[in-house]
Amino acid sequence: MMCEACKLREAEIFQPHTGRKLCRQCFIEDIKQRVKEESEKIGLLKASKILLAVSGGKDSFVLADTLASFIDSSKLIAYNITEGIHGYNRKDQIQQLRKFLSELGIELIEDSFKQSTGYTLDEMMQSAKLKGLNVSACTFCGGFRRKLINNAGRNVNADFVATGHNLDDEVQAIIINLIRGDLIRLIRFGDKPLKLSSKFVLRVKPLRKIYEWETTMYAYYKGYTFQEVECPYITTRPTLRAKVRELLYLLEDNRPGTLLNIIEEFDRMAENVRKSYVSSTQEMKELPRCKICGEPTSYGRDICKNCELLIRSGLLHQNLPIS
Ligand code: SF4
Ligand code: ZN
Ligand code: ZN
């Protein structure tokens, strides 16, 4: 069976959402083209510096490889954080990513929780446990990671921070925020994210219209091998995200293209909701700054969640404001 795009080479892959059978080269070209279209929409093509937040997983490889095919690699700079989780060894992956990035001409900044906060994630969790704090490792991890990535973006004067979230991640997050009725978080999604603080570097997701199975195949075809080592802190509880994921896969199976339809419809809706929200509240108020670290924090807070977690774990000695 010949590839339905070039009609020259043998087809190797079936793309259910388009109904086409493609050869390896046309499949890779299709992904690059779709990432380029999304990047154009979000303004990446006009940026002078973009920080790529890379974990070493397959999506971060696909992010770097696709962007470097249409953006000068001197404008791209990658950033990786080691959380400090014993037994969760991703050194091989980082090594492999470092090699691929250098072949693409992209510089890599390597950081760690230890270096930037003084503690590894394991140390934070040990202290939190001793203090009887019932907060999951992912809450610590996600919060500090977001903060460090934003700081890194600011330090290199990046116009954007790009992450490797794919279509599956994005639609799951949209549905979860819909279920929770979290309007602010919901309208921060979409292809034109809101900037609620001058200290935030805009976060964008160039792979947000690429299915996870497509990023997996792309990485595989390009020779990027990955073994997914599971983080020991991963919860085995059936989380809302896991249930949403399962439901979305069922819908996608029944009707290929469903996830793409959801995200496209959502982007249209988000634009209108954003406009009416901004006009009804006059303007989006700048987020308050944390009294300890100076970084933006949520409306109504004096200190940010990260500093609060460190204080409650006995790792930062400040008084918490009385709430
Ligand atoms: Fe961090 Fe592990 Fe949670 Fe992922 S699963 S957010 S790496 S603690
Ligand atoms: Zn082809
Ligand atoms: Zn703070």
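Here the structure is a predicted model, which means the values were calculated and not measured. Whatever order the structure lists them in is the order used to number ligands and atoms, beginning at 1. As a basis for the values below, the full set of heavy atoms in this structure was taken, side chains included, without hydrogen atoms, waters or symmetry mates. All residue numbers refer to positions in the sequence shown, counting from 1.
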Problem - Parallel, tilted or perpendicular: rings of Phe61 and Phe100 (30°, 60°) - result: perpendicular
Exercise for the section: Record the part of Cys231 in heavy-atom contact with ligand 1 below 4.0 Å; permitted values are side chain, backbone, both and neither. Expected result: side chain
Fill in the blank from the handout: Value for CZ (Arg208) from CG (Asp168), rounded to nearest 0.5 Å, stands at 13.0 Å
Completion exercise
Angle subtended at the Zn ion (ligand 2) by Cys6 SG and Cys26 SG, to the nearest 10 degrees, is 110°
Completion exercise
Atoms of ligand 1 under 4.0 Å from any heavy atom of Arg145, numbered from 1 in the order shown, are 1 (Fe), 6 (S)
Practice task
Run through Glu214, Glu37, Glu38, Glu170 and flag the one making a salt bridge (charged side-chain N to carboxylate O under 4.0 Å, His left out) with Lys209.
Solution key: Glu38
Practice task
Give the numbers and elements of all ligand 1 atoms closer than 4.0 Å to a heavy atom of Ile234.
Solution key: 5 (S)
Completion exercise
Only residue of Asn157, Asp72, Asp159 satisfying side-chain hydrogen bond (donor to acceptor under 3.5 Å, both in side chains) with Ser48 is Asp159
